[in-house]
Amino acid sequence: MISGIAYGVVLNDRRQLRELGSRLNDAPYLGAPQAPVMFIKPRTCFRFHGAAIPMPDELERVEAAATLGLLFDRDVTKAQPANALSGVAAACLALEVCEPHDTLHRPAIRQRCRDGFLPLGAFTAFEPAFATADIHTAIDGRRRHTWSLSDLARPVPELVAAITEFMTLRAGDLLIVGLPGDAPTVEAGEQIEVTAQGLPALATVVQRGSIQ
């Protein structure tokens, strides 16, 4: 179970960074990120067992980025890439939901941290092959998006090593390893299914209004 904090990482898609190009040099940062760019998902964001994603009334569409979540069963600090994943007990497919926005470096908190904006699939024992899995997203039964974790700018072991250089990932924490820069958008009523080899599928639906 997730007894700790759920962390996400943005700007870890190699293709997205390449397409952003010189925009990464704009003020106020004046350069590409030199460390992982992270955000926190409050527990009110979690959705399990296929529970619906609540679509706020003021929105027409939300972005749905399929990715991988890693659950730690021991504290990891100052890890090296060779042993960075030794503290990972389990993995799941995750759907990082947010309002469409143009924020680059600093994660958009209001847009990402709304209730129900992190559906999670069932956890399974972690396998190293998950770190380079191809993740597929189907909407209303039609495949709309595929991306490979082998396209991460910081591969999963290097990402965990880089994060634990400046903070500890603790037992019970969940790490969302990165997001595709071209994630599809969905609207109310649409069914979403996320699949990847070896991982339990994640299926959910976007539903208008507040959901208890």
(Q) Tell me which one of Ile192, Val62, Leu118 satisfies side-chain contact (heavy atoms from CB on, under 4.5 Å) with Val97. (A) Val62
Q.
Would the distance check show the side chain of Thr137 and the main-chain N or O of Val194 forming a donor-acceptor pair, the cut-off being under 3.5 Å?
A. no
Q) Counting N and O atoms only, with roles assigned by atom type, does the side chain of Arg43 sit under 3.5 Å from a partner on the main chain of Ile2, one being a donor and the other an acceptor? A) yes
Q: Verify the neighbour count for atom CZ of Arg74: are there more than 12 heavy atoms of other residues, nucleotides or ligands below 6.0 Å?
A: yes
Q | Backbone N/O of Arg170 and side chain of Thr168: donor-acceptor pair under 3.5 Å | A | no
Q | Smallest separation among heavy atoms of Ala133 and Ala196, with atom names | A | CB-CB, 4.4 Å
Q. Hey, is CD on Glu187 packed in by over 12 heavy atoms from elsewhere, all under 6.0 Å?
A. yes
Q. Is it true that a side-chain atom of Arg61 and a backbone atom of Pro184 form a donor plus acceptor pair closer than 3.5 Å?
A. no
Q) Donor-acceptor pair, Asp140 side chain versus Gln191 backbone, under 3.5 Å? A) yes
Q. Are the side chain of Trp147 and the backbone of Ala66 linked by a donor-acceptor contact shorter than 3.5 Å?
A. yes
(Q) Using modelled atom types and a 3.5 Å cut-off, is there a donor and acceptor pairing between side-chain atoms of Thr67 and backbone atoms of Ile176? (A) no
Q: Give the minimum heavy-atom separation between Lys41 and Phe46, together with the two atoms involved.
A: O-CE2, 4.0 Å
Q. Side chain of Gln34, backbone of Ala32: donor and acceptor closer than 3.5 Å?
A. yes
Q.
Strictly distance-based, threshold 3.5 Å: is any side-chain N or O of Arg154 a donor or acceptor partner for the main-chain N or O of Asn12?
A. no
**Q.** Ion pair check, Glu58 and Arg114, cut-off under 4.0 Å
**A.** yes
